[in-house]
Amino acid sequence: MPLVHFFETSFGRTTGRRIILVTVHAEGVEGWGECVAGEHPFYSDEDIETAWHTLANYFAPSLIGKNVESGRDAIRYFPGVRGHRMAKGALENAVWDAEAVAKKVPLWQLLGGSRTELPCGVSIGIQDSPEQLVEKVRTEVNAGYQRIKLKCKPGWDVKIFERIRKEWPSILLSCDANSAYTTNDFEHLKEFDAFNLLMIEQPLWNDDFYFHAKLQKQIKTSICLDEVIRNARDAQASAELGACRIVNIKVGRVGGFSEAVKVHDVCQQHKIVNWCGGMLEAGIGRAHNIALSTLPNFTLPGDVSASKRYWKEDIIEPEVTVSPKGFIRVSDEPGRGYEVRPDLIEKLTVRKEMVKTAKASAH
Ligand code: OSB
Ligand code: MG
């Protein structure tokens, strides 16, 4: 699916996505999941090829023929595969999705959510010029988005913040470095404090909380961790170390809804604020992010925004829309709240594999 506009982070530019969708067939019910792994192993060590491999050869065969009672129940059948959380999450979430459809209750209720309106923010990539960025920010502010997040890296940071703050002194503004800085940059990162940023997301290495804790003690701006939080234990360690004040939860990054809810609960206990991250999802992943965002500790605007910012045509109906005040209304429909469009998905499909044979868990 080609993106409406390219998306550039400190690790590279994306112009389109090949997306793995998972369908579970469970006694006449279909459940859908979307894998957030990218084309290349740049954001994380997974990519769509490793996800395809682990889904087809490990995760999917572990559920065939099993009497899986619920989404939460699915994880106990999964084999002892290390990592590959995005692949695993796609399948686990498809089971949750099937459970919601079968029980005729909204998925967000199964997850324990309660919010009916979600505040929305946007993530704006690195542009070809500062002027282009100003225009992008203007478009999103005018569309009503409640928080603007700017991707940054050395050479595209304080000058850019100055430019945006000059134009919009008081909008909720944050930045995301995707690990573009090191301990040599602490003095430079202190300059970010001048711009009243809501947060700086994952400034240091993708696998680090120790040096983030050191940095958080030296800067006023709140650190938000993204890449490094793989599970609830990581969230607890970060909280105890003081490595951040905010955690962005991405359901794929932590391996599915079950772990995402646990991360949420640990953050809530430690007074770490949450918001729901995005991975340029198509409609199914987007619908699932919306369901997750209804949990009580998601108090900041998330990166879950309207379908039309990404796709000419999304694979769900209705598409995700955002009100002029910057909210998504949560659907009361049973299941994921959005219908999948099988004909459009079929038209876009370039590769398909049906897993029909069970395999004993591979350990
Ligand atoms: O770090 O949050 C990130 C997209 C791809 C990989 C990493 C990130 C992002 C985003 C996009 O920021 C958020 C969105 O889906 O709009
Ligand atoms: Mg991020």
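No experiment lies behind these values; they were computed from the predicted model shown. Just follow the structure's listing: the first ligand is 1, and inside any ligand the first atom is 1.
- Across M279, R309, K250, heavy-atom proximity to atom 2 (O) of ligand 1 is greatest for K250.
- Relative to atom 12 (O) of ligand 1, the option among S123, G302, G285, C224 with the closest non-hydrogen atom is S123.
- Under the 6.0 Å distance and 45° angle rule, R286 counts as a cation-pi partner of Y310.
- Counting the atoms of ligand 1 from 1 in the order shown, those under 4.0 Å from a heavy atom of N178 are 1 (O), 3 (C).
- A salt bridge is absent between E140 and K149: the closest approach of a Lys/Arg side-chain nitrogen to an acidic carboxylate oxygen does not fall below 4.0 angstrom.
- Counting just the N/O/S atoms of E201, the one with the shortest distance to the Mg ion (ligand 2) is named OE2.
- In the hydrophobic cluster analysis, where Ile, Leu, Val, Met, Phe, Trp and Tyr join through side-chain heavy atoms closer than 4.5 angstrom, V101 is grouped apart from W108.
- Residues K220 and D193 are not paired through a salt bridge, judged by the lack of any N-O separation under 4.0 Å between the basic side chain and the carboxylate.
- Remark: ligand 1 and K151 share an N or O pair separated by less than 3.5 Å (distance only, no angle test).
- By the criterion of a heavy-atom distance under 4.0 Å, neither the backbone nor the side chain of V304 is placed next to ligand 1.
- Salt-bridge check for K159 with E162: failed, with every basic side-chain N at 4.0 Å or more from each acidic carboxylate O.
- Note: H188 and Y181 have tilted aromatic rings, judged against thresholds of 30 and 60 degrees for the angle between ring planes.
- For atom 13 (C) of ligand 1, the nearest protein heavy atom (residue, atom name, distance) is G278 O, 3.4 Å.
- D176 contributes atom OD2 as its closest N/O/S atom to the Mg ion (ligand 2).
- Taking only nitrogen or oxygen atoms, main chain and side chain alike, S305 does not reach within less than 3.5 Å of ligand 1.
- At the top of the distance list for atom 15 (O) of ligand 1, counting protein heavy atoms only, stands L280 N, 2.9 Å.
- Atoms of ligand 1 found under 4.0 Å from any heavy atom of D226, numbered from 1 in the order shown, are 1 (O), 2 (O), 3 (C).
- When heavy-atom distances to ligand 1 are checked against a 4.0 Å cut-off, T14 has no atom that comes that close, whether in backbone or side chain.
- Near K149, the atoms of ligand 1 lying under 4.0 angstrom from a non-hydrogen atom of the residue are 2 (O), 12 (O).
- The pair E92-K88 does not count as a salt bridge, with every side-chain nitrogen at least 4.0 angstrom from each carboxylate oxygen.
- Set against the non-hydrogen atoms of F7, the atoms of ligand 1 under 4.0 Å away are 4 (C), 9 (C), 10 (C), 11 (C), 12 (O).
- Between the Mg ion (ligand 2) and D226 there is an N/O/S contact shorter than 2.8 Å.
- Set against the non-hydrogen atoms of E201, the atoms of ligand 1 under 4.0 Å away are 2 (O).
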Derivation and outcome, side chain to side chain donor-acceptor pair (under 3.5 Å), residues W52 and E353:
CA-CA 9 Å; W52 192 285; E353 188 168 336; 2.8 Å; yes
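- In this structure, R253 does not pair ionically with E227, as no charged nitrogen and carboxylate oxygen lie closer than 4.0 Å.
- No N or O atom of N248 sits closer than 3.5 Å to an N or O atom of ligand 1.
- For atom 14 (C) of ligand 1, the nearest non-hydrogen atom from the set F42, Y310, Y43, F11 belongs to Y310.
- Ion pair R230/E46 not flagged as a salt bridge, since none of the NZ, NE, NH1 or NH2 atoms sits closer than 4.0 Å to an Asp/Glu carboxylate oxygen.
- Both the sub-6.0 Å distance and the 45° axial angle are not jointly satisfied by R165 relative to the ring of F195.
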